[in-house]
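Numbers restart at 1 for each chain; the letters A, B, ... are given by sequence-line order, proteins then strands.
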2 protein chains.
Amino acid sequence: MHESSHILKGLKDQGHKFTKVRKLVLDLLIKSPKPLSSPDIQKAFLARKMPVNKTTIYRELAFLKGQGVIRELQFGDNTMRYEVTPDNHHHHIVCINCDKIEDVILEKDLDMEEKAIAQIKNFKILNHSLEFYGICERCQ
Amino acid sequence: MHESSHILKGLKDQGHKFTKVRKLVLDLLIKSPKPLSSPDIQKAFLARKMPVNKTTIYRELAFLKGQGVIRELQFGDNTMRYEVTPDNHHHHIVCINCDKIEDVILEKDLDMEEKAIAQIKNFKILNHSLEFYGICERCQ
DNA sequence: TGACAAACGCAACCGAGTTGCGTTATCATT
DNA sequence: AATGATAACGCAACTCGGTTGCGTTTGTCA
Ligand SMILES: [Mn+2]
Ligand SMILES: [Mn+2]
Ligand SMILES: [Zn+2]
Ligand SMILES: [Zn+2]
């Protein structure tokens with residue numbers, strides 16, 4: 001049951017190509033327990049004896065992001081990270097000591113807050129980012 | 001009236017020096033309606049015919065952050081921004097078209113959420129970052 | 001199998017942020 | 001006011017994530 005084939009099929013139907021890089025980038029992101037950076041992905045390719053130019057990785061990530069397949073995150077270290085767009089919206093908690101990252105689901109979501117802010121500030125809110133920073137069990 | 005003198009006095013009592021750069025960086029951040037990046041600050045110095053080396057800016061920001069005087073923020077463009085540590089915790093809403101940034105105060109804060117997450121994930125939560133992204137009134 | 005566009009590699013580049021080291025300015029002490 | 005200690009500064013060189021232009025390869029479909 002490889003989830004990536006289904007996604008790639010959809011992209012192909014829209015005139016995009018089914019390439020090795022595209023499939024592996026997607027597979028890596030699907031399998032990864034935490035968001036990956038472009039350098040992370042390039043290293044993963046290298047580890048599989050499949051060197052890929054960094055430009056290709058950046059372009060592929062931009063493409064998948066543009067297609068809504070993945071989303072971009074930042075955890076305070078000036079490098080973008082990516083994860084497959086989740087079905088159920090969630091956030092992250094990051095250990096500032098060992099960089100452990102876990103998914104977090106809020107008890108109460110931020111929809112009401114967004115509505116209130118949109119009204120008060122006259123913004124049309126498209127999305128938000130929320131990350132918690134702390135010390136994980138092992139590190140404290 | 002000049003809030004910076006008070007802060008600088010406190011720093012001086014701890015053995016730190018009262019310099020032109022320190023005072024102006026702090027004044028700029030106090031007066032700015034939105035968080036500033038290191039390049040922003042360097043340009044502000046230049047505009048006042050007071051060129052300052054970028055290393056100095058970075059070191060000063062790191063210093064003020066370490067002292068808890070300012071805090072570091074990120075708005076998805078891979079450049080850190082800084083604002084004076086607020087008395088009342090708040091977040092930000094960013095226009096993805098014109099980069100307008102406004103402060104936002106949540107109706108309900110995230111303390112309860114943090115407690116719940118800390119317990120479930122066994123993390124000791126130190127802080128969090130929450131930014132909303134959208135289109136401002138002028139841009140929509 | 002041929003042709004077209006998408007995808008790719010390469011090299012050069014950009015800009016935020018860092019580091020090492022020698023110099024200058026602040027501040028307390030005399 | 002002169003002295004000395006050290007915080008702060010400037011400079012140059014560097015790191016690294018990310019981008020751009022352009023020529024080449026590869027996937028797709030007729
Ligand atoms: Mn996640
Ligand atoms: Mn603010
Ligand atoms: Zn940890
Ligand atoms: Zn705007």
Rounded to whole angstrom units, what separation is found between the CG atom of B/Asp40 and the P atom of C/dA16? 9 Å
Tell me whether the OP1 or OP2 atom of C/dA7 has a side-chain N or O from A/Thr56 closer than 4.0 Å. no
Within this structure, what is the CG-to-P distance between A/Leu73 and D/dG17, rounded to whole angstrom? 17 Å
Within the structure shown, what part of the strands sits under 4.0 Å from A/Lys54 by heavy-atom distance: base, sugar-phosphate, or nothing? base
Within this structure, what is the CE-to-C1' distance between A/Met50 and C/dC8, rounded to whole angstrom? 15 Å
Where the side chain of B/Val21 is defined as all heavy atoms beyond and including C-beta, which of D/dC9, D/dG17, C/dG17 is the nearest nucleotide? D/dC9
Would you say a side-chain N or O of B/Asn78 is under 4.0 Å from OP1 or OP2 of D/dG18? yes
Roughly, in whole Å, what's the span from CZ in A/Phe18 to C1' in C/dC8? 17 Å
Mind calculating the distance between CD (B/Glu60) and C1' (C/dT26) to the nearest angstrom? 13 Å
Please check this pair: side chain of B/Thr85 against backbone of B/Gly68, looking for a donor-acceptor N/O pair closer than 3.5 Å. yes
For B/Asp77 and D/dT19, give me the distance from atom CG to atom P, rounded to whole Å. 12 Å
Would you check if there is a donor-acceptor pair between the side chains of A/His128 and A/Glu113 at a distance under 3.5 Å? no
Under-4.0 Å salt bridge between B/Lys23 and B/Asp27: yes
Once hydrogens and angles are ignored, does a donor-acceptor distance under 3.5 Å link the base of D/dT6 to the side chain of B/Lys17? yes
Using whole Å, what does the distance between atom P of nucleotide D/dT24 and atom CG of A/Asn53 come to? 16 Å
Side chain of B/Met80: nearest nucleotide among D/dT28, C/dG17, D/dC9? C/dG17
Would you check if the side chain of B/Gln42 reaches a backbone N or O of B/Val52 as a donor-acceptor pair within less than 3.5 Å? yes
Donor-acceptor pair under 3.5 Å, B/Thr55 side chain vs C/dT19 base: yes
Do the side chain of B/Arg59 and the base of C/dG17 come within less than 3.5 angstrom through a donor-acceptor pair of N or O atoms? no
Taking only side-chain N and O atoms of B/Thr19, does any of them lie within less than 4.0 angstrom of OP1 or OP2 on C/dA25? no
From NE2 of A/His16 across to C1' of C/dA7 the rounded distance in Å is 12 Å
For C/dT18, does either OP1 or OP2 sit under 4.0 Å from a side-chain N or O belonging to B/Tyr58? no
Nearest heavy-atom approach of B/Phe18 to B/Leu8 is CZ-CD1, 3.6 Å
